[in-house]
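What follows is a single structure, written as structure tokens, with notes after it.
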Amino acid sequence: MANLIDILKERGFIDQTTHEKVLDQYLEAGQVTCYIGFDPTASSLHVGSLVPIMSLAHMQKHGHRPIALIGGGTGLVGDPSGKTEMRKLLTPEMVDENAMGIKKQLSRFIDFSDDNALMLNNADWLTKLKYIPFLRDFGRHFSVNRMIKAESYKMRLESEEGLNFIEFNYMLLQAYDFLELYDHYGCRLQMGGSDQWGNIVAGVELIRRVRQETVFGITFPLITTSSGAKMGKTAEGAVWLDPARTLPYNYYQYWVNTDDRDVARFMALFTFLPMEEIKELEKLNGADLNSAKVVLAFETTQIAHGKEEAINAYNDAKSQFGARVVPKDILPSSSIHRDGGVLPALEIEAAGSVDSTPHSHIEIDRFKEGIPAFKLYHMVGLSNSGSAARRLIEQGGAYVNGQRIESFDYLLTDSDIVDLEILLRAGKKRYHKIKIIKNKS
RNA sequence: GGUGGGGUUCCCGAGUGGUCAAAGGGAACAGACUGUAAAUCUGUCGGCGAAGCCUUCGGAGGUUCAAAUCCUCCCCCCACCA
């Protein structure tokens, strides 16, 4: 079997590594502890963090022990790497709250039971550091001449806003993290985004200087979509891993809408399907790629939110956009079902009649007098304002139960209710279901 | 602390008394074409049941029939000097 580095390389995870040969041997020799830091800047991770998350999952699958390090301490300082502007500084309370959310999400990808993986917070040691001892013991190992040449500071040093001293210290703190994890957990491998290269190398060098030991670093390439956008960024904002922030339905839709050119690359990075099958995708072209996109969406949703949610999202997509049969020979390892018809009984029971389409509840009484369409679109959030809704409808982009609305003040009444539901659509892709509540309670 | 340059609608960026809800570009949205793709073309792109009116150009005052534009004070950013 190919070694782990080769596998990660083949799947597109590797940008740079330190001393590759030795690292290879090290990973072959037995269980390795590795770590990645996560910034607690928000209460949820998003799709942009998926590469590091998946890489930890791969490490664990291969018998190694991942550490997810929450940057509770470094978050108080703010990483300037690759940023054109200074970060907002976080309060300790915010960091704690965010760390909780992050752990919950990581748990879907990584098994933290029985020390199979660890979740640590660098606030536990960083906040205890004393300034003068720190400078004397570690600060002297850092050359400012070298630091100001680091790529991670470059953008900021060249920008108008500049770099302030607190941020300049970030590299030292991250290097110290690595040392701490090396000392206490035997961690000898740090991974991170390509913007972290400077910080990682700083840690590698610090450990060499103060412990005379070799430790390793791997960086991931920055993943962008073929159209140049950052991974996981849409006009509406980030695509979050927290189902309360981004509905599994929308998560699924994000992946279904993958650009043709990205399908195979994303399949390798964001699913666990075997590479031999992913390579076959190159033979697909045109509309056939859509089947692959369905599999991509199904698999990624399943990993992030579980099978039930993936099935719900799949079913809703099918009813809204039409059934698409995924041929048996495309990605055969995927557990997605292939007949294009009804789901197996077991799965139907599990999924039940759960609706993953964005929806809201409205009392039936409100339809007695009728609700003007543009108001309803605004109410449910399909439009940001009444004006926007009006434009949408005037441009012919609004549908009620599949029927295009001709005028913005079309009155929706009881007669538009079908099975206690009204299905609204905005444009080609955005759906919203209104569920009717019979009586006010 | 001194001197100079700035802060414009989601972003970049024009505008230096009325013709300004504010050029141009990007993003976004809708339509056409399609495959829930890309590219392209067309339209839209502050709010208001839409007539007209209201709110917006760092903040607060002021001048004027009229202010993003002029004046005063304040806040913030940048450059050079100290």
Side-chain angles (χ1 to χ4, degrees), chain A residues 83-86 88 155-164 224-230 232-239 247 249-267 281-282 284-298 300-301 313-327 330 340 356-358 369-379 381-400 402 404-412 423-432:
Chain A
K83 306 284 184 314
T84 49
E85 289 173 12
M86 186 174 162
K88 289 185 204 90
M155 198 185 280
R156 290 292 295 281
L157 286 170
E158 286 170 1
S159 78
E160 283 198 334
E161 190 181 334
L163 180 74
N164 63 34
T224 55
T225 65
S226 288
S227 49
K230 268 191 192 162
K233 293 281 187 204
T234 66
E236 288 81 43
V239 180
L247 290 174
Y249 172 89
N250 290 124
Y251 190 82
Y252 180 97
Q253 286 297 320
Y254 175 77
W255 292 103
V256 168
N257 283 298
T258 297
D259 190 299
D260 279 13
R261 298 165 286 178
D262 294 328
V263 175
R265 191 162 58 101
F266 287 0
M267 200 74 81
L281 294 177
E282 284 169 24
L284 296 178
N285 47 31
D288 288 339
L289 261 177
N290 279 4
S291 293
K293 291 181 191 181
V294 171
V295 175
L296 176 66
F298 183 81
T300 50
T301 306
Y314 171 87
N315 280 340
D316 277 5
K318 198 167 68 178
S319 74
Q320 283 151 11
F321 296 99
R324 173 167 293 281
V325 181
V326 178
I330 291 183
S356 73
T357 309
E369 305 195 347
I371 303 178
F374 77 102
K375 287 207 164 166
L376 193 61
Y377 269 74
H378 183 197
M379 269 167 57
L382 281 173
S383 299
N384 292 328
S385 68
S387 300
R390 182 187 285 256
R391 276 180 237 123
L392 174 78
I393 296 168
E394 278 166 355
Q395 290 177 130
Y399 297 77
V400 172
R404 183 180 268 183
I405 317 173
E406 299 301 337
S407 91
F408 72 89
D409 56 358
Y410 171 80
L411 270 191
L412 281 101
L423 185 63
L424 300 181
R425 183 179 130 199
K428 288 190 177 63
K429 297 182 185 176
R430 286 151 57 228
Y431 284 89
H432 190 101

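Here is how names work: the chains are called A, B, and so on, in the same order as the sequence lines, proteins then strands, and each is numbered from 1.
- Between A/Arg390 and B/C48 there is no side-chain N or O to OP1 or OP2 distance below 4.0 Å.
- If you check B/C10 for Watson-Crick or wobble pairing at under 3.5 angstrom, you find it paired to B/G26.
- Between the CD1 atom of A/Ile371 and the CG atom of A/Asp409 there is a distance of 14.0 Å, given to the nearest 0.5 Å.
- A/Tyr377 places its OH atom 21 Å from the C1' atom of B/C48, with the value rounded to the nearest Å.
- Using N1 to N3 plus N6-O4 or O6-N4 for Watson-Crick, or N1-O2 and O6-N3 for G-U wobble, each under 3.5 Å, B/C41 pairs with B/G31.
- Residue A/Ser385 is classed as a sugar-phosphate contact, given heavy-atom separations below 4.0 Å to backbone atoms only.
- When each of A/Lys375 and A/Leu392 is assigned the nucleotide of RNA chain B bearing its nearest heavy atom, the one mapping closer to the 5' terminus is A/Leu392.
- B/U36 is unpaired under the criterion used here, namely a Watson-Crick or G-U wobble arrangement in which both key atom distances are under 3.5 Å.
- Here the P atom of nucleotide B/C48 and the CZ atom of A/Phe408 are 12 Å apart, to the nearest Å.
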Next on the checklist: Counting primed atoms plus P, OP1 and OP2 as sugar-phosphate and everything else as base, spell out the protein contacts along nucleotides 31-44 of chain B at 4.0 Å heavy-atom distance: B, S or - for each nucleotide, 5' to 3'.
Outcome noted: SS-BBBBS----BS
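- The only option from A/Tyr399, A/Tyr249, A/Phe321 that meets the ring pair (Phe, Tyr, Trp, His ring centres under 6.0 Å) definition with A/Tyr431 turns out to be A/Phe321.
- Within the shown strands, B/C81 is the pairing partner of B/G1 under the Watson-Crick or G-U definition, both distances less than 3.5 Å.
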Checklist entry - Going through the distances and angles, do A/Asp316 and A/Ser356 end up as a side-chain hydrogen bond (donor to acceptor under 3.5 Å, both in side chains)? => result CA-CA 7 Å; A/Asp316 277 5; A/Ser356 73; 3.1 Å; yes
